[in-house]
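Heads up: the structure comes next, in structure tokens.
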Amino acid sequence: QAAMAFEGLDYKTAARSQQAADQARRAYVSHFYPREGAWEDPRLYHMTLDSTAISVDACVDLIVSAAQDIFKQAEAGTPAKSRPT
């Protein structure tokens with residue numbers, strides 16, 4: 001629905017576009033990170049946000065804040081936290 005509203009698409013076109021984007025992500029991850037598993041696995045990401053539940057502006061603020069924190073840790077030489085198992 002968000003893509004339909006934002007891009008002015010009908011349902012079928014938006015669904016095809018989403019499927020194509022998902023396939024491209026799947027192919028990218030499986031090609032460059034074959035040992036990591038499915039691209040849909042949220043454990044592969046630092047953060048996941050639902051921009052249909054959280055405003056785009058709030059998503060941007062969260063992403064910027066998280067990126068600043070990651071870079072600050074890297075500059076300080078703080079090791080990244082390991083991924084949960």
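Just so you know, residue 1 is the first one in the sequence shown, and it goes up from there.
With sequence neighbours left out, the side-chain contact (heavy atoms from CB on, under 4.5 Å) criterion links Ser51 to Cys59. For Arg16, the side-chain contact (heavy atoms from CB on, under 4.5 Å) test picks out Lys12, Thr13, with sequence neighbours left out. The side-chain contact (heavy atoms from CB on, under 4.5 Å) test applied to Lys72 returns no partner, not counting sequence neighbours. Tyr33 is linked by a ring pair (Phe, Tyr, Trp, His ring centres under 6.0 Å) to nothing, counting only residues two or more places apart in sequence or in another chain. Scored by the ring pair (Phe, Tyr, Trp, His ring centres under 6.0 Å) test, Phe32 finds Tyr28 as partners (sequence neighbours excluded). Applying the side-chain contact (heavy atoms from CB on, under 4.5 Å) criterion to Ile70, with sequence neighbours excluded, gives His46.
For Gln1, the CD atom counts as loosely surrounded, since its 6.0 Å shell holds 12 or fewer non-hydrogen atoms of other residues, nucleotides or ligands. By the 6.0 Å contact criterion, OH on Tyr45 is enclosed, its count of non-hydrogen atoms from other residues, nucleotides or ligands being greater than 12.
Summarising the geometry of Ala14 relative to Leu9, their closest heavy-atom pair is CA-CD1, 4.0 Å, with the distance given to 0.1 Å.
For the atom pair Met4 CE and Gln18 CD, the distance stands at 12.5 Å (nearest 0.5 Å).
In the hydrophobic cluster analysis, where Ile, Leu, Val, Met, Phe, Trp and Tyr join through side-chain heavy atoms closer than 4.5 angstrom, Phe71 is grouped apart from Ile63.
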From CA spacing to verdict: side-chain contact (heavy atoms from CB on, under 4.5 Å), Arg25, Glu40: CA-CA 9 Å; Arg25 288 184 186 102; Glu40 301 96 332; over 6 Å; no
